[in-house]
Structure formats: C-alpha cells, structure tokens
Number of protein chains: 2
Amino acid sequence: MEKTMIDIDTAAQSLKLLGDKTRLTIIGLISEGECCVCEFVEVLQMSQPSVSQHLRKLRDAGLVKEKRKGQWIFYSLNKDHETYPITKQILAQIPDQIEKLRALERAGLRIQCD
Amino acid sequence: MEKTMIDIDTAAQSLKLLGDKTRLTIIGLISEGECCVCEFVEVLQMSQPSVSQHLRKLRDAGLVKEKRKGQWIFYSLNKDHETYPITKQILAQIPDQIEKLRALERAGLRIQCD
DNA sequence: TGCATATATAAGCATATGCTTATATTATAA
DNA sequence: TTATAATATAAGCATATGCTTATATATGCA
C-alpha cells in the first residue's frame, strides 16, 4: 500500500471544499452510503437550492459522484478521487453522521429505491 | 491511544484555514521546525504583509504558535491544538517542504538564532 | 396529456477573503 | 539617540462565497 503524495495545490483545493460545515456534513452523511438531495435538505435544514449548490461544488471538484435513480439523484463519495485518502482520514476524526440518517429513517423520510 | 472525535464545526474551521495554498505551504514548512516571517516571505515569494496576515489567521485559530527571538518572530505548529491530529494526517499526504528550506539555507537566507 | 415531485440553474445581494500600499511597532545596532 | 531591520496592522479594493428568490428541467403518475 504505497502512499502517493498529493500535491499541495490539489490538497488545498479539496480542503477548501471540506472547510465548510455544510459540505463537511454532507461528506460525513455519505461516508457510508449514498443520499439524495431531499435527504440532505431534511437533515441539514437548509433550502434545496443552497444544498444543490454545495453539491455542485463537490461534484465539480470530483469529490462526490451522482447517480440518478428515477426522480431522485443520489450522491456518494468518489473513492477514486486523488484526495480521497485525505477525506477518509478526516472522516475518521469527526463524529459520524449516521444517527442523523437513522432519525430520518424513523421519521419515514429516508429514500430507499434499490 | 484513544481517538477523540473532533466536532464538525471545529474541524471545518481548521480545514478552511488549511484550504489555502499559501497557508498549507506554511504549515508544511513548519511541520519539522520553526520558521520566521522573513523565511516565509522568501520561500513563498509573497509580500511581507500578505504573509503576516496569513500567519495571523493561523495564530488566531491556534493552529500555530509564535515566539519572539530578538528581532525575529518564529512560528511553529501548535501540537496541542484540538485539530492537530487532522493537520498531521494531511501533512503525511503532501510532499514535504524541507527542500525549500534547504535551498534557503544554501542561499544563506536561513535564520538560525539558537 | 397535464400535474406534482425532485433537482438544477440563474440572478441578486451581503459578507468574507486575499491582495495591495501605507504606516505603526518593536528590537538591534551605530 | 537615531537609524535600520523585522514584523504587525490598517485601509482600500477586486473577487469569491453562500445565501435568497425565481425559474427551468426532468421524471413519474393520474
């Protein structure tokens, strides 16, 4: 498992994106699976356009992937991204967001379409 | 070695500071020792006020410490900071900046006052 | 087809950011 | 004490950021 160095510009660009509470929470939410936009809206208690705009930044940078499933668009971590190792290390040091998703599920608001 | 979780707001705040090429390079430069402002100015090829302003942000957040030695003020990593574990992990994944300091030394511009 | 739902995009705006130039502060040295 | 060097701070400005509201696009369903 050879460690590849991530150049400083690339690292800084990803860190800048992760350096926002909303986006860092989004990354935490999908650290163990995918979520759709309406789930983020519910958990984050933010407007849909605002959430979409954060997702676009993450997607443009390649940190997340999107996949349409019917009327929903699901977002997930892009584990192939050059800076994914950094993201993973950060995720290991912040509290997981799973409980928030469980609460969604209990409220019947979790989208499952597999 | 129990891992303490770093809350998401705290993590995001530090990541935001690290998400800037200049500041990330500064952190890289002091990852193995202290540097004074004029060394940063030389290595980064930036104006002194601009460097000072970046250092102030890092210091205000507690990510770095400063120590005056005569006419110079030396900056170093604050290893006691709550988010230092994150910083350390990031540093492990970017190329070290030591070579830049060696070049300074060869040019006779390295400040040593111990 | 037509309507509802999910999502994206656009435009506008207030605030944050990072630089610049000018100046203040602190310490050393003559 | 005066001059110089190292650093900090202040003010100004252009650009970036993150929200809002309004609207567009795409899908599913009656």
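Here is the naming used below: chain letters follow the sequence lines, and residue numbers restart at 1 for every chain.
Taking 4.5 Å as the limit, some side-chain heavy atom of A:Ile111 sits within range of a side-chain heavy atom of A:Phe74.
Distance B:Leu55 CG to D:dT9 P: 11 Å, rounded to the nearest Å. Rounded to a whole Å, the CG atom of A:Asp60 is 15 Å from the P atom of D:dA16. Across the protein-nucleic acid pair, B:Glu39 atom CD and D:dA6 atom C1' stand 12 Å apart, rounded to whole Å. Atom C1' of nucleotide D:dA5 and atom CH2 of B:Trp72 are separated by 9 Å, given to the nearest angstrom. Atom CD in A:Glu42 sits roughly 16 Å away from atom C1' in C:dT7 (whole-Å rounding). Distance NZ (A:Lys67) to C1' (C:dA6): 17 Å, rounded to an integer number of Å. One can place CD1 of B:Ile73 at 14 Å from C1' of C:dA24, the figure rounded to the nearest angstrom. When rounded to the nearest whole Å, the span between CD of A:Gln71 and P of C:dA6 equals 6 Å.
Taking all atoms of both residues into account, the shortest heavy-atom contact from A:Glu39 to A:Leu109 is CG-O, 4.2 Å. Considering all non-hydrogen atoms of both residues, A:Pro85 and B:Gln93 come closest at CB-OE1, 3.0 Å. Across B:Pro95 and A:Ile8, no two heavy atoms sit closer than the pair CD-N, 4.4 Å. Considering every non-hydrogen atom in both B:Gly28 and B:Leu91, the closest pair reads CA-CD2, 3.7 Å. The two residues A:Ser14 and A:Thr83 have their closest heavy-atom pair at OG-OG1, 2.8 Å.
Here A:Tyr75 does not reach the OP1 or OP2 of C:dA6: none of its side-chain N or O atoms lies under 4.0 Å away. Regarding contacts with the backbone of D:dG18, a side-chain N or O of A:Lys57 is found under 4.0 angstrom from either OP1 or OP2. Checking the phosphate oxygens (OP1, OP2) of D:dT17, a side-chain nitrogen or oxygen of A:Lys16 falls inside 4.0 Å. Remark: A:Arg23 is in phosphate contact with D:dG18, judged by side-chain N or O atoms under 4.0 Å from OP1 or OP2. Note on A:Arg56: every side-chain N or O is 4.0 Å or more away from OP1 and OP2 of C:dT7. In terms of phosphate contacts, A:Lys21 brings no side-chain nitrogen or oxygen within less than 4.0 Å of OP1 or OP2 of D:dG18.
Contacts of B:Glu66 with the nucleic acid, taken as non-hydrogen atoms under 4.0 Å apart, involve only primed sugar atoms and P, OP1 or OP2.
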Interface polar pairs with nucleotides 19-23 of chain C, N/O, under 3.5 angstrom:
| residue | atom | partner | partner atom | Å |
| --- | --- | --- | --- | --- |
| C:dC19 | OP2 | B:Ser50 | OG | 3.0 |
| C:dC19 | OP2 | B:His54 | NE2 | 2.2 |
| C:dC19 | O5' | B:Ser50 | OG | 3.1 |
| C:dT20 | OP2 | B:Ser47 | OG | 2.9 |
| C:dT20 | O4 | B:Gln53 | OE1 | 3.4 |
| C:dT20 | O4 | B:Gln53 | NE2 | 3.1 |

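Atom CZ of residue A:Arg110 and atom CG of residue A:Leu104 lie 7.0 Å apart, to the nearest 0.5 angstrom.
Here the nucleotide nearest the side chain of B:Arg59, chosen from D:dT7, D:dT9, D:dA26, is D:dT9.
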